[in-house]
K.L.:
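Have a look at this one before I ask anything.
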Amino acid sequence: MSLLKVEALQVAHGPLQALWNVDIDIRAGEKVGLLGANGAGKSTTLGAVVGYYPALAGAVHIAGEDVTRMATPDRLARGVALVPEGRRLFTEMTVRENLEMGAYLREPRRKLAETLEQVFTLFPILKEKAGQAAGALSGGQQQMVAIGRAIMSRPRLLLLDEPFIGVAPIIVGDVMRALGEIAAQGVTIVLVEQNTHRALDFVERAYVIENGRTVLEGSRDDLIGNAAFGSKFLGLD
Amino acid sequence: MPLEIFVQVLLSGVLLGGIYALVAFGLSLVYGVAHILNIAHGTLLAVSGVVASLIYLATGWHPLLIIPLMVAPVFLFGYVFHALLLRPLAHRGKHDETIGTVLITTGALIMLSDLTGFAAGTTQRNIPVGSGVFEFGEVIVPTAQVWILAGILALTIVLQLYLKHAWFGRAVRAVTQDSLGATICGVNGPRARALTFAAGSGLVAVAGVLYAIVYPVDPYMGFSLTVRAFTIIVVGGIGNLPGAMIAGVMLGVAESFTAFLWAPKWAPALSVILLLVILVLFPRGFSSWKRA
């Protein structure tokens, strides 16, 4: 059964329609990429999955349940977490407070201490910086806080929106490895990434979004072998 | 100026500033969380003060009993007012929302003042609790004022601890710092905004009772308090309670000395002058140099 199913989704930002027809179907345990140019609708798709943007038409199902009309906290309670574009940390709160906010909902709150230890094991640097204001951290460390905050809700589906922007190249590998560990623990991952090469290093399968529509879907090898995809996204002739 | 006079003027300024800070807390939290500039905020203090004075006149109850009696209905009023008139504006654009909240709360200011004036009269009232005095050498301070000061201090500490440690308090700070970030943590933004607006209103009701014990209140005095509270939160930083307390006490002390050395009529101008001077020296308010 699919863990996330998005059907013929349409979303508008005020008078501007951003999504026209997005179809996504992701099974539990997969690592899937959403690829496409700037402004294609990748971030809007993730925002619509967590309910931050209401659907104009179409449907979002989480683990078989229709959540299209559900408020964000109810969707999160069903096991979705988002690492948003630009991280959106609480910059004047400490690292620890940021992480604890990730466990705001009732279920994760009960297991806060245990999950916090897991996050500190995943990103040991955050334990050292736990008492510092999140805004004082480097870009890479802030990204670790954003991922850690999402993990604090103990999700089964983790949505990541451009998690490598503003992260120093030598830290990208660390973050990548951490995501691999999270996936290895059974968390399904959806990665929005502009750098197609980097995305295809990580995901097993990807969707291509263009002008608010899913136009292509395939396994990593299918996509690399696809001539049109290769010339457009991988710089191959 | 003899030392004992100096200390007395200073203390009454600190007290006045503490009450200003209480007014500013609510305004600051509401602005931080909901981006509502509540022009009627000070008017809620005036109305609460007048109603509390009438209750005291009719019953003679201890002010400590009148405070919860006032807080509950004003909290409820704030909640309903927000739900009916302000929350619908959130679906408009940012520009409409800002202008809409200013217009609606200005309308509320006029209506609350006039309704209270119509029902209770426009005369100045207060809560004339009998009070002994503390004598520290030559300095004489009414005991009521000392208790009020202690109460304000305790309330500030409790509020600060609540915002720092309680889940809902943290949610309020989270919404203030990054609304989207708070939403994806599961914070119900609209509910946080409604409860903060209600709590800010309840807090100003507390300030209203305390104010009426020390100073006269009337239905039309609210706006000048709102202006002072604006000054305090600009200087002290949005959502920054210790900053608001420092700024409030500075303003209260400055007003107290101005009223004593020149004339009371100059005191209200001080908040505006203080605002100008401090914004020139610290363009981002105290919060910026505290963090730096």
Side-chain angles (χ1 to χ4, degrees), chain A residues 13-15 43 46-47 49-54 71-94 96-109 112 133-136 142 145-146 148-155 158-161, chain B residues 28-29 31-33 87 89-97 160-195 233 236-244 284-292:
Chain A
H13 301 305
S43 298
L46 296 191
V49 169
V50 296
Y52 196 73
Y53 301 121
T72 302
D74 297 325
R75 298 192 195 200
L76 302 177
R78 280 157 180 75
V80 190
L82 172 67
V83 178
E85 193 178 6
R87 306 187 276 266
R88 313 306 292 257
L89 297 182
F90 311 119
T91 51
E92 289 171 39
M93 292 194 194
T94 65
R96 178 186 289 270
E97 285 176 320
N98 269 274
L99 294 174
E100 288 176 354
M101 274 307 293
Y104 187 74
L105 291 173
R106 192 187 313 141
E107 283 300 319
R109 204 181 283 189
L112 192 149
Q142 289 196 18
V145 177
R149 185 177 69 179
I151 296 300
M152 288 301 292
S153 70
R154 306 177 71 91
L158 180 62
L159 314 173
L160 297 135
D161 196 348
Chain B
S28 174
L29 291 174
Y31 185 77
V33 170
R87 191 173 162 184
L89 288 170
H91 302 295
R92 302 291 198 104
K94 213 160 187 61
H95 204 62
D96 284 4
E97 191 182 351
Q160 180 68 6
L161 288 175
Y162 184 81
L163 286 172
K164 181 89 183 139
H165 297 292
W167 279 101
F168 187 72
R170 284 185 175 188
V172 167
R173 282 163 64 215
V175 175
T176 302
Q177 290 176 32
D178 196 310
S179 173
L180 188 151
T183 302
I184 58 164
C185 287
V187 175
N188 181 337
R191 183 167 163 271
R193 286 185 250 282
L195 286 176
I233 63 174
I238 300 289
N240 179 349
L241 298 195
R284 293 187 53 221
F286 282 143
S287 49
S288 61
W289 60 258
K290 193 194 79 182
R291 236 173 280 142

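Chain identifiers are assigned alphabetically (A, B, ...) following the order of the sequence lines, protein sequences preceding nucleic acid strands; residue numbering begins at 1 within each chain. Because the structure is predicted, anything quoted here is derived from the model rather than measured.
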K.L.:
So which atom in A:Ala81 and which in A:Ala150 form the shortest heavy-atom distance, rounded to 0.1 Å?
P.N.:
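Taking every non-hydrogen atom into account, CB-O, 3.6 Å.
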
K.L.:
Taking it one step at a time, do A:Glu97 and B:Arg173 satisfy salt bridge (Lys or Arg N to Asp or Glu O under 4.0 Å)?
P.N.:
CA-CA 11 Å; A:Glu97 285 176 320; B:Arg173 282 163 64 215; 3.3 Å; yes

K.L.:
Quick one: which residues of residues 101-108 of chain A reach chain B at under 4.5 angstrom, heavy atoms only?
P.N.:
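So far as heavy atoms go, A:Met101, A:Gly102, A:Ala103, A:Tyr104, A:Leu105 are the residues that approach chain B to under 4.5 Å.
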
K.L.:
Using non-hydrogen atoms and a 4.5 Å limit, figure out which bit of A:Leu76 sits close to chain B: side chain, backbone, both or neither.
P.N.:
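Just its side chain gets close to chain B.
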
K.L.:
Quick check on A:Arg149 against chain B: is it the side chain, the backbone, both or neither that has a heavy atom closer than 4.5 Å?
P.N.:
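Just the side chain, heavy atoms under 4.5 Å.
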
K.L.:
Is A:Glu100 salt-bridged to B:Arg170, cutoff N-O under 4.0 Å?
P.N.:
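Judged by the 4.0 Å cut-off on N to carboxylate O distance, A:Glu100 and B:Arg170 do form a salt bridge.
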
K.L.:
Once side-chain hydrogen bond (donor to acceptor under 3.5 Å, both in side chains) is applied, what residue pairs with a partner in residues 177-192 of chain B remain, sequence neighbours excluded?
P.N.:
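Sorted pair list: A:Arg88-B:Asp178.
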
K.L.:
Is a side-chain N or O of A:Asp161 found less than 3.5 angstrom from the main chain of A:Val83, in a donor-acceptor match?
P.N.:
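No: the side chain of A:Asp161 does not pair with the backbone of A:Val83.
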
K.L.:
Any sub-3.5 Å donor-acceptor pair from A:Thr72's side-chain atoms to A:Val50's backbone N or O?
P.N.:
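At least one qualifying donor-acceptor pair exists.
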
K.L.:
Over 60° means perpendicular and under 30° means parallel, so tell me whether A:His13 and A:Tyr53 are parallel, tilted or perpendicular.
P.N.:
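It falls in the perpendicular class, over 60°.
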
K.L.:
Which bit of A:Ser153 is near chain B, if near means a heavy-atom gap under 4.5 Å: side chain, backbone, both or neither?
P.N.:
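When you check distances to chain B, no heavy atom of A:Ser153 falls under 4.5 Å.
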
